[in-house]
Amino acid sequence: MTIARTAGISTAILATLLSSVAHAEGTLNLLTWEGYADPSYVTQFEQETGCKVNATYVGSNDDFAPKLMAGGGVFDLITPSLDTTKLMIDLDLVEPVDTAKITAWGDLYPTLTSLDAIQKDGQIYGVPYTWGGIVLMYRTDAFTTPPESIADLWNPDLKGKVSIWDDKSSIYLAARKNGDMNIYSLSDEQIAAAQQALVEQKPLVRKYWATAGELVDLYKSGEIVISNTWAGNQASILKRAGIDMTEFVPKEGAEGWVDIWMVVKDTPNLDCAYKYLNMQLSPLGQCAIANINTASVANPVAAKSCMSPEQFVELHQDDPGYLERLMVWQSLGDRYEAYANAWNAVKAQ
Amino acid sequence: MTAIIELDHLSKHYSPAIIGVDDISLSVGDGEFLTLLGPSGCGKSTLLRMIGGFEEPTAGTIRLAGQDVTALPPYRRAINMVFQDYALFPHMTVGRNVAYGLKLLGCSELEIRTRVYDALKLVGLYDKLKLYPHQLSGGQRQRIALARAIVRRPKVLLLDEPLSALDAKLREQMQTELKRLQEKVGITFIMVTHDQTEALVMSDQIVVMEKGRIAQKGTPQQLYDHPASIYVANFIGTTTFLPGAVEAADQTTARIALGGGEIAANIDRPFARGERVTIGLRPEKIRILAEGETAANVLAGRVSEVIYYGLGLRLGVTLADGSRIFADLLLPDTLARSQVPPVGLAVRLAVAPHNVFVFAGEEAA
Amino acid sequence: MSALRRHLPAVLVLGIPLAWIVLFMLLPYGILATYSFWLKKYPTFVPAFQFGNYLTLFTDPQYVLVLLRTIKISLLVCLASLLLAYPFAWFLVYRCRSAQIRTWLYMAVIAPLWISYLLRAYIWKTILGTEGVLNSFLIWAGIIETPSSIFLYNQFSMVVTLTYIFIPFMVMPIYTALEKIPANLNEASADLGLGPWRSFWRVTVPLSMPGVAAGFTLTFCLSFGDFVAPFLVGGPDGNLIANVITTQFGSALNWPLGSALSVVMLVVVLGVVSLGDRVERRSAAGGF
């Protein structure tokens, strides 16, 4: 989950062209988000371990399955978000992780290491890396009474000034607005109700945002005043551009996303792969990604050692309860289609 | 005969340097077949297009049946045109091509049918009603273009090189056919051509044009027998030109000294003694004298060239001073091949004084 | 051996394009068609032969809705392109006396083709946006007082953008068709008593139909398959069929349904192409 999504379609097309990188001994091929193989730590990693790192970037979580299904054994490591990890496991594209080889495994938030979506048959398939909330934000100068609820995205006074993420998570949002808090196990009726609420919201929506960059642009060009957002990420970019944003966790709660490192099945570079994972969970990797994406990280111990106290607080690393309160994404399993279909139906209207 | 078209000091100057038509005044009689004849670039097509309304004159007026039409667009003139490559509408059948201009005349459906039928029958192509232009031969297309133009019963029909796209045989056939058609419908035809035979065969009046101006206007016979200038004599028929000087002249006759002899000629204007002139002789008007025969004008020379052209022979005869004239010799059936004059034979040529053209000055070319 | 060597040039000349067509066109279409009968089954899909996907497409209103919307948008783009391109091409052919100016104007329309599609689409965002060039102009001109949001993120902006992007494909064939009409046909029409306006409708328009048909076909097919304009300038009601296909092959991981959609799309496009072809050939043969 990174600003890399700005690049959107062109990156995805480029990625397809570049994905024909050869599988080579001692060379790690990553299929990941931009920033997750940043030179600021990769160069050092390569020098220390002798493992070469080759990164191919994705534009969306939807890219992982098609690329791995079509490309065969090219990639060694991937970083799907939590809503896609279960699919990777069920598609038999990844192999279990030997947590004993992950030095910092014990330091990670237990909430993350015990996530259902990275397990199958008692085995762990993923290493949590970085996370954040999906909260709401608004232009501070556009409101006299601060909004505090998801329902504010349905406020008729904001006609044409609202944007929400072009993602099936809109169903989660609408369900909570309807008072359905079991957002990962909604019944057909609840999904239909959420779909209905989103259809009613359409006249208020200026545009569904697809990439972080697009959301930033929508605020910058004065098109919208309120939206959901990846906590910390777009707001910090907008602040740097001189637009005062306020982020808030709505009273209906916020979802949480987590990006997970997974090991592609039968990789010949297992050794380098584990070295890379350990580096990513070390202070070097954790603080680098926290700085690049303004996102919270999975290893609070490492974070404490490398972050300033202010940053440590700002990214909620000091408060394990913050993470607990987030409704962290869960696998939808075979209910996935019902959610996705409902969201597509909304967009089709 | 009343005039149907009157051109009054009509000019088309594209620029001060490029002159299409220069100050032409011309009157065309009703029911006349008039031909504008001249080489390409002489302004004949421009003149025709101005009458049709496709070009705007820079000066002068055009009157059609007494009415000034100079400023009217083509679609407001009771004039129709047969275009050089026919300009049939490729997306319409023959029937619809011919009927094209009728609906606007306010004709009823029945009248349109009748008139299309009549026009196509006139050109003998009624059975082609449902065909498209690309399914017709060149000659058929030509006749459809004609039918399309006359079906509107214009006061004047303009024809821009109507036969130039046809092969020689068909062209000859169409010449008489066109002439017959014109006589039948009684419409004034103004045709542009660069082909003198076409002009002579079809026209009542011929206007020979030179550099945007009228060189001579007259009946075919007048033009052929009394060309007003070297240019006209050169353009119509075949003429041999010889330089000469006037020896003696009265009101009607003159004696002219040539390099290779002396010749008498009828004249219609006075010439001064000693004036340099050019005489013109038509090969078919020159007779080869038999042994002992005498005539008014005799020129002696030797046969230097024999050209066989089926109908007869054309002999090139070199005179004493080296100048050469041509004389035609018809070959009657009885004349045996052995009697064809051999090259080098001494011959005497005779020409009647009224068949000698006398032009002032020397030949330009 | 010698026979092979003798025929080698012919084999290469004919064989390479043929192999290309089979390998990169027919084979993928075949695979696509095959997938369209498969069955979606979590986590992916399984081989089958059933018409469930097609049934879904025609019973679930969301697909019919998007299909109809895509056809509507494409037709509007064609219409807008035609209304702009035809007078422009006509002006170039009949009224622009200077060959040099004509070339320049023609190039001005064609030149944007050399610029990246994304950039061209993106430019319209900056023109039509709430704080964009158009709004600034309207406020400056005193026509509106506050910026309007009606220009961007809706079907209007998609039609504007797509028209801009695809109009060269309308101008080129119409220009060529008009240029091919012999000048004396219009003169003949005037000669037969029809004024310029009537002549235009009875001569110029029917004879330029092959160009219009070609332009219409090209523009329609290009718009019909577009998925970038909805992404960049489309609003919440801007989903087109290509976007739905992207979703089916991507996040929905429902390749069978996506394939079925693609096949339907292919049928529509082929239908339009053959229709355009028929109009072109009929008018070229003179059978209008």
Side-chain angles (χ1 to χ4, degrees), chain B residues 45 48-49 51-55 72-94 96-107 116 119 130-136 141 144-154 156-161, chain C residues 82 86 89-90 93-100 173-216 275-288:
Chain B
S45 282
L48 192 79
R49 287 173 61 79
I51 298 171
F54 302 109
E55 305 259 0
L72 292 185
Y75 51 91
R76 298 246 166 82
R77 300 187 187 193
I79 294 177
N80 282 105
M81 174 129 152
V82 175
F83 291 83
Q84 187 167 2
D85 44 10
Y86 320 135
L88 296 178
F89 303 116
H91 57 304
M92 294 180 188
T93 59
V94 164
R96 293 197 51 200
N97 259 289
V98 176
Y100 188 86
L102 286 180
K103 284 191 185 126
L104 279 184
L105 290 182
C107 300
V116 168
K130 294 214 153 53
L131 295 185
Y132 285 92
H134 67 91
Q135 295 168 302
L136 304 176
R141 268 182 254 178
I144 297 302
L146 206 60
R148 186 177 69 174
I150 57 174
V151 79
R152 279 172 56 85
R153 295 175 192 160
V156 175
L157 185 74
L158 309 177
L159 303 105
D160 188 5
E161 302 265 9
Chain C
L82 182 67
Y86 201 102
W90 186 89
V93 173
Y94 289 104
R95 283 289 173 272
C96 190
R97 301 239 180 254
S98 154
Q100 204 176 355
I174 291 179
Y175 179 87
T176 312
L178 286 175
E179 219 182 17
K180 276 204 309 208
I181 301 176
N184 63 11
L185 289 188
N186 272 306
E187 286 185 350
S189 181
D191 185 69
L192 294 168
L194 275 74
W197 185 241
R198 285 175 201 254
S199 294
F200 171 76
W201 284 106
R202 293 196 56 190
V203 175
T204 312
V205 167
L207 287 176
S208 61
M209 276 318 277
V212 173
F216 211 87
L275 196 74
D277 189 52
R278 205 173 308 169
V279 170
E280 259 184 271
R281 246 181 311 160
R282 237 179 56 177
S283 47
F288 230 86

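In the text below, chain A, chain B and the rest are named by the order of the sequence lines, each starting its count at 1. Just so it is clear, the values below take in all heavy atoms, side chains as well, and ignore hydrogens, waters and symmetry mates.
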Query raised in the report: Among C:Ala183, C:Ser199, C:Gly193, who wins on heavy-atom pairs under 4.5 Å with chain B?
Result: C:Gly193
**Report entry** From B:Arg152 atom CZ to C:Leu192 atom CG, the distance as rounded to the nearest 0.5 Å
**Finding:** 6.0 Å
**Report entry** Reported CD1-to-NE2 distance for the pair C:Ile181 and B:His91, which is rounded to 0.5 angstrom
**Finding:** 8.5 Å
Query raised in the report: Given the options B:Ala87, B:Ala145, B:Gly101, which has more heavy-atom pairs under 4.5 Å with chain C than any of the others?
Result: B:Ala87
Non-hydrogen side-chain atoms of [X] and [Y] separated by less than 4.5 Å:
| X | Y | answer |
| --- | --- | --- |
| B:Phe89 | C:Arg202 | no |
| C:Val203 | B:Tyr100 | yes |
| C:Ser189 | B:Tyr75 | no |
| C:Glu187 | B:Met81 | no |

Toward chain C, the part of [X] with a non-hydrogen atom under 4.5 Å:
| X | result |
| --- | --- |
| B:Arg76 | neither |
| B:Leu88 | backbone |
| B:Leu102 | neither |

Report summary line: In short, B:Asn80 meets C:Asp191 closest at the heavy-atom pair ND2-O, 2.7 Å
Query - Exercise: identify the closest heavy-atom pair between C:Arg198 and B:Leu104 - result: NH1-CD2, 3.1 Å
